[in-house]
Amino acid sequence: MTDHELLNLAIRASEHAYAPYSCFKVGAALECENGRVFTGCNVENGALGSTICAERVAICKAVSEGETKFTRIAIYADSADYCMPCGTCRQVMSEFSQDMEVLSANGAGSYVSYRLDQLLPHTFKLRS
Ligand code: THU
């Protein structure tokens with residue numbers, strides 16, 4: 001799958017975002033080593049700290065279906081700035097695949113790409 005195809009899945013996933021509080025809709029598409037793709041959107045909650053980001057929704061869907069090896073995650077928000085994953089999502093990604101690629105597309109249709117270990121170097125691991 002090309003970067004653009006994965007980003008398009010993230011765009012489609014963002015349409016399901018439940019974001020009545022921030023009105024900031026995010027979509028994610030997570031590619032596993034074996035080619036399976038899981039999508040996610042942000043799911044907000046009136047108790048704001050209970051909100052779950054799109055990236056973690058996709059990761060939890062994948063892990064709950066037995067997938068723990070990830071190659072890429074595409075993230076999309078219709079914003080001027082690239083929507084980069086928050087610290088919690090970076091930590092959750094790093095639990096599984098420190099060398100995965102993180103793609104982020106903005107509303108204008110351009111995207112950037114980083115390796116997770118660039119975004120979260122020296123990550124915390126309880127065991128290696
Ligand atoms: N959000 C994500 O889903 N992913 C990110 O990478 C950053 C932020 C969500 C959380 C919340 O619903 C909204 O965007 C505003 O922070």
Side-chain angles (χ1 to χ4, degrees):
M1 177 171 291
T2 65
D3 284 356
H4 277 105
E5 285 168 336
L6 198 65
L7 285 159
N8 277 333
L9 292 177
I11 291 171
R12 263 203 265 149
S14 73
E15 290 162 13
H16 295 126
Y18 177 75
Y21 304 106
S22 72
C23 296
F24 190 76
K25 295 181 167 209
V26 185
L30 176 70
E31 179 191 62
C32 306
E33 224 170 62
N34 62 10
R36 287 180 81 185
V37 174
F38 293 85
T39 59
C41 61
N42 51 333
V43 181
E44 297 189 342
N45 190 274
L48 298 175
S50 302
T51 290
I52 313 173
C53 293
E55 297 90 320
R56 269 177 292 143
V57 169
I59 291 168
C60 289
K61 282 170 70 177
V63 174
S64 71
E65 301 240 351
E67 304 296 347
T68 54
K69 290 194 176 358
F70 309 134
T71 45
R72 279 181 299 175
I73 188 165
I75 305 161
Y76 170 80
D78 183 10
S79 54
D81 290 333
Y82 298 109
C83 179
M84 298 302 295
C86 75
T88 301
C89 287
R90 293 178 198 203
Q91 180 63 32
V92 170
M93 289 174 202
S94 80
E95 177 75 19
F96 300 106
S97 304
Q98 185 62 22
D99 59 357
M100 68 192 285
E101 261 189 279
V102 178
L103 317 175
S104 175
N106 63 14
S110 6
Y111 76 100
V112 288
S113 163
Y114 297 92
R115 259 172 65 135
L116 179 58
D117 54 13
Q118 292 178 278
L119 300 180
L120 188 69
H122 311 295
T123 184
F124 171 74
K125 288 253 178 220
L126 192 52
R127 59 181 172 76
S128 49

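Atoms within a ligand are numbered from 1 in the order they appear, just like the ligands themselves.
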Problem - Heavy-atom donor-acceptor pair, Ser97 side chain to Thr71 backbone, under 3.5 Å - result: no
Problem - Heavy-atom side-chain proximity of Arg90 to Thr123 below 4.5 angstrom - result: no
Exercise for the section: Could you tell me if any non-hydrogen atom of Thr51 lies under 4.0 Å from any atom of ligand 1? Expected result: yes
Practice task
Could you tell me the separation between the CG atom of Asn34 and the CD atom of Glu67, rounded to the nearest 0.5 Å?
Solution key: 4.0 Å
Problem - Ligand-side contact atoms (ligand 1) for residue partner Ser22, heavy atom cut-off under 4.0 Å - result: 13 (C), 15 (C)
Exercise for the section: Determine if the distance from atom 16 (O) of ligand 1 to the closest protein heavy atom is below 4.0 Å. Expected result: no
Completion exercise
atom 9 (C) of ligand 1 has as its nearest protein heavy atom Asn42 ND2, 3.5 Å
Exercise for the section: Of the side chain and backbone of Cys53, name the one, both, or neither that has a heavy atom under 4.0 Å from an atom of ligand 1. Expected result: both
Practice task
Could you list which atoms of ligand 1 come closer than 4.0 Å to a heavy atom of Met84?
Solution key: 6 (O)
Practice task
Give a yes or no on whether the backbone of Ser22 and the side-chain of Glu44 come within a donor-acceptor separation of less than 3.5 Å.
Solution key: yes
Handout entry: Short N or O distance, Ala54 and ligand 1, threshold 3.5 Å exclusive
Key = yes
Exercise for the section: Using non-hydrogen atoms of the residue, decide whether Ala19 is closer than 4.0 angstrom to ligand 1. Expected result: no
Handout entry: Subset of ligand 1 atoms that lie under 4.0 Å from at least one heavy atom of Glu44
Key = 11 (C), 12 (O), 13 (C)
Exercise for the section: Quick one: look at Cys83 and ligand 1, take heavy-atom pairs under 4.0 Å, and tell me if it's side chain, backbone, both or neither. Expected result: side chain
Exercise for the section: Below 4.0 angstrom from a heavy atom of Glu55, which ligand 1 atoms are there? Numbered from 1 as shown, please. Expected result: 2 (C), 3 (O), 4 (N), 5 (C), 6 (O)
Handout entry: Backbone of Thr51 reached by a side-chain donor or acceptor of Asn42 within 3.5 Å
Key = no
Exercise for the section: Give a yes or no on whether the backbone of Asp78 and the side-chain of Lys25 come within a donor-acceptor separation of less than 3.5 Å. Expected result: no
Problem - Rounded distance (nearest 0.5 Å) linking atom CE of Met84 with atom CD of Glu55 - result: 9.5 Å
Fill in the blank from the handout: From the list Leu116, Ile73, Ile75, Val26, side chain to side chain contact (heavy atoms under 4.5 Å, CB included) with Pro85 holds only for Ile75
